[in-house]
**Q** 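Questions regarding the structure given below will be posed in turn.
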Number of protein chains: 2
Amino acid sequence: MKKMTIQEDLKEKGLKSTKHRMAILDILVKKDHPISAEQIFFEIQEMDVAINLSTVYRNLEVLVEKSMVTKLTLSGDNRSVYEYNRMVHRHYLICLGCKKILAIEHCPIKKYEQQIESETDYKIVGHKLDLYGYCPECREK
Amino acid sequence: MKKMTIQEDLKEKGLKSTKHRMAILDILVKKDHPISAEQIFFEIQEMDVAINLSTVYRNLEVLVEKSMVTKLTLSGDNRSVYEYNRMVHRHYLICLGCKKILAIEHCPIKKYEQQIESETDYKIVGHKLDLYGYCPECREK
DNA sequence: TTGGATGCAAAAGTTTTGCACGGTT
DNA sequence: AACCGTGCAAAACTTTTGCATCCAA
């Protein structure tokens, strides 16, 4: 499978490449951690592009639907966060002090999934693992 | 540490044993999976006890504060769910078909946590692992 | 040109809060 | 009696939706 630009990817999925949609994806692609709809909204405004919050939500909805973006809710927070779907398995390390979110690459639980499948007779299709702790700066306090 | 009743536990934490607080804890203790504030609200009404939703929220807040209850948000859903804190490590298996939530006992990632600690210099204090899949009934469809 | 995308305003859903009153210790 | 807990109403906050208009293909 050949590498696609985001525009080609959108086209293939029947989505138009609008200015707003591209701006949302640009922001998400650049982040290495998930952010909220409102943060995306503010960042687009800072780029001097006018946009409505509902447009952000509507775009995120279709992008999640088309699997280009993943929607997550991290514990403790009532709002959802979104990240660009790099088709890479990721986990997060969330600092309980400053709320900073760090992405972690490797995943230890493939074997665990198989074990649970045979125990429960479920078909497991995915999982979510978040770690909570304190970053070096917040440990001090 | 001697086994305490819920009332003793409340007293020790400086919380009064009110009818409503006890009802909320009774419900949570009986469940083996987390439920929402609204579900708790409805169950208490079914017990023919009048209660206000905000009372449920306020109680859940203090109970979480005192570590008697854990607040979680499971992916996909915008609302929080709560469970009685049995001081046992639990993970969940969520059926993407019928949204049923199953608790899973054992946890495979203590070693993984240590590894991440040395890699990142964070102090890890906990984690959350949810598995997603389809239960035997929903697999068919 | 045409159907998807957007802005705006309003609604819906969840959670929080102010204040007066009630109940537990 | 003192103070925590509660009901009620309103507010705050996040997310969704209806409808008219706009714009990318």
Side-chain angles (χ1 to χ4, degrees), chain A residues 5-26 34-45 47-66 68-82 99, chain B residues 5-26 34-45 47-66 68-82 99:
Chain A
T5 64
I6 284 184
Q7 277 154 353
E8 287 167 342
D9 197 5
L10 286 172
K11 185 170 194 173
E12 188 172 80
K13 288 175 166 134
L15 298 177
K16 292 181 180 169
S17 298
T18 68
K19 166 178 65 171
H20 293 136
R21 185 163 291 153
M22 292 305 291
I24 290 169
L25 284 167
D26 276 353
I35 58 177
S36 70
E38 199 184 27
Q39 282 175 278
I40 295 169
F41 172 65
F42 287 141
E43 294 212 17
I44 292 179
Q45 290 186 315
M47 295 159 62
D48 282 313
V49 174
I51 189 171
N52 195 281
L53 224 205
S54 62
T55 301
V56 177
Y57 276 109
R58 274 193 277 231
N59 270 293
L60 289 171
E61 189 181 28
V62 304
L63 294 172
V64 167
E65 171 68 29
K66 299 292 186 185
M68 292 182 69
V69 167
T70 305
K71 178 180 180 180
L72 319 157
T73 36
L74 301 174
S75 274
D77 211 349
N78 289 329
R79 69 165 93 189
S80 300
V81 288
Y82 302 82
K99 306 297 177 191
Chain B
T5 65
I6 285 184
Q7 277 152 353
E8 287 167 342
D9 197 6
L10 285 172
K11 185 170 196 174
E12 187 172 80
K13 288 174 166 136
L15 298 177
K16 291 181 181 170
S17 298
T18 68
K19 166 178 64 172
H20 293 136
R21 186 163 290 156
M22 293 303 291
I24 290 169
L25 284 168
D26 276 353
I35 58 177
S36 69
E38 199 183 26
Q39 282 175 279
I40 295 170
F41 172 65
F42 287 141
E43 293 212 17
I44 292 179
Q45 290 186 315
M47 296 159 61
D48 281 312
V49 174
I51 190 171
N52 194 281
L53 224 204
S54 63
T55 301
V56 176
Y57 276 109
R58 273 193 278 233
N59 270 294
L60 289 171
E61 189 181 29
V62 303
L63 294 172
V64 167
E65 170 69 28
K66 299 293 185 185
M68 292 182 69
V69 167
T70 305
K71 178 181 181 179
L72 320 156
T73 36
L74 302 174
S75 273
D77 211 350
N78 289 330
R79 69 164 95 187
S80 300
V81 287
Y82 301 83
K99 307 296 177 191

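In what follows, chains carry the letters A, B, and so on, assigned in the order in which the sequence lines appear, proteins first and then strands, with residues in each chain numbered from 1.
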**Q** Working to the nearest 0.5 Å, report the span between CG of B:L60 and CG of B:L25.
**A** 9.0 Å
**Q** What is the distance, to the nearest angstrom, from the CD atom on B:Q39 to the P atom on C:dG13?
**A** 16 Å
**Q** Round to the nearest Å and state the distance from B:H20 atom NE2 to C:dG23 atom P.
**A** 10 Å
**Q** Working to the nearest 0.5 angstrom, can you tell me the gap between B:T5 OG1 and B:K11 NZ?
**A**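 It comes to 10.0 Å.
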**Q** Heavy-atom count around B:E65 CD within 6.0 Å, excluding the residue itself: above 12?
**A** no
**Q** Kindly write out the residues that satisfy salt bridge (charged side-chain N to carboxylate O under 4.0 Å, His left out) with B:E38, not counting sequence neighbours, or none if the list is empty.
**A** B:R79
**Q** How many angstroms lie between CD1 in A:I51 and CG in A:N59, if you round to the nearest 0.5 Å?
**A**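 Reported value, rounded in 0.5 Å steps: 6.5 Å.
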**Q** To the nearest 0.5 angstrom, please state how far the CG atom of A:N78 sits from the OG1 atom of B:T73.
**A** 7.5 Å
**Q** Let's see if you get this right: which residues in residues 51-58 of chain B place a heavy atom under 4.0 Å from DNA chain D?
**A**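 The answer is B:I51, B:N52, B:S54, B:T55, B:R58.
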**Q** In Å, rounded to the nearest 0.5 Å, how long is the span from CD1 of B:I24 to OH of B:Y57?
**A** 11.5 Å
**Q** Across the strands shown, which category fits B:A37 at heavy-atom distances under 4.0 angstrom: base, sugar-phosphate, nothing?
**A** nothing
**Q** If you restrict it to nitrogen or oxygen atoms, what contacts under 3.5 Å exist between nucleotides 2-4 of chain C and the protein, and what is each distance?
**A**
{"from": "C:dG3", "atom 1": "N2", "to": "A:K16", "atom 2": "NZ", "distance (Å)": "2.6"}

**Q** Under the rule for salt bridge (charged side-chain N to carboxylate O under 4.0 Å, His left out), what residues qualify as partners of B:D9, not counting sequence neighbours?
**A** B:K13
**Q** Closest approach of B:V81 and B:S36, non-hydrogen atoms and distance?
**A** CG1-N, 3.8 Å
**Q** Residues two or more places apart in sequence or in another chain: which of them pass side-chain hydrogen bond (donor to acceptor under 3.5 Å, both in side chains) with B:D26?
**A**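 Testing B:D26 for side-chain hydrogen bond (donor to acceptor under 3.5 Å, both in side chains), a comparison that skips the adjacent residues, returns none.
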**Q** Quickly work out the A:K13 NZ to C:dA5 P distance and round it to whole Å.
**A**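 Roughly 14 Å, once rounded to whole Å.
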**Q** Quick one: B:E65 CD to C:dT16 P, roughly how many Å, whole number?
**A**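 The answer, rounded to whole Å, is 13 Å.
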**Q** Is the distance from OP1 or OP2 of C:dG13 to the nearest side-chain N or O of A:N78 less than 4.0 Å?
**A** no
**Q** Say you draw a straight line from NZ of B:K71 to CD of B:E61; how long is it, rounded to the nearest 0.5 Å?
**A** 8.0 Å
**Q** Does anyone know the first and last nucleotide of DNA chain D in reach of chain A, 5' to 3', at under 4.0 angstrom to a heavy atom?
**A** D:dT14 to D:dA25
**Q** B:K19 or B:R79: which one's nearest nucleotide on DNA chain C is closer to the 5' end?
**A** B:R79
**Q** Check the phosphate of C:dT15 against B:S80, side-chain N and O only, distance under 4.0 Å to OP1 or OP2. Yes or no?
**A**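 The answer is yes; a side-chain N or O of B:S80 sits under 4.0 Å from OP1 or OP2.
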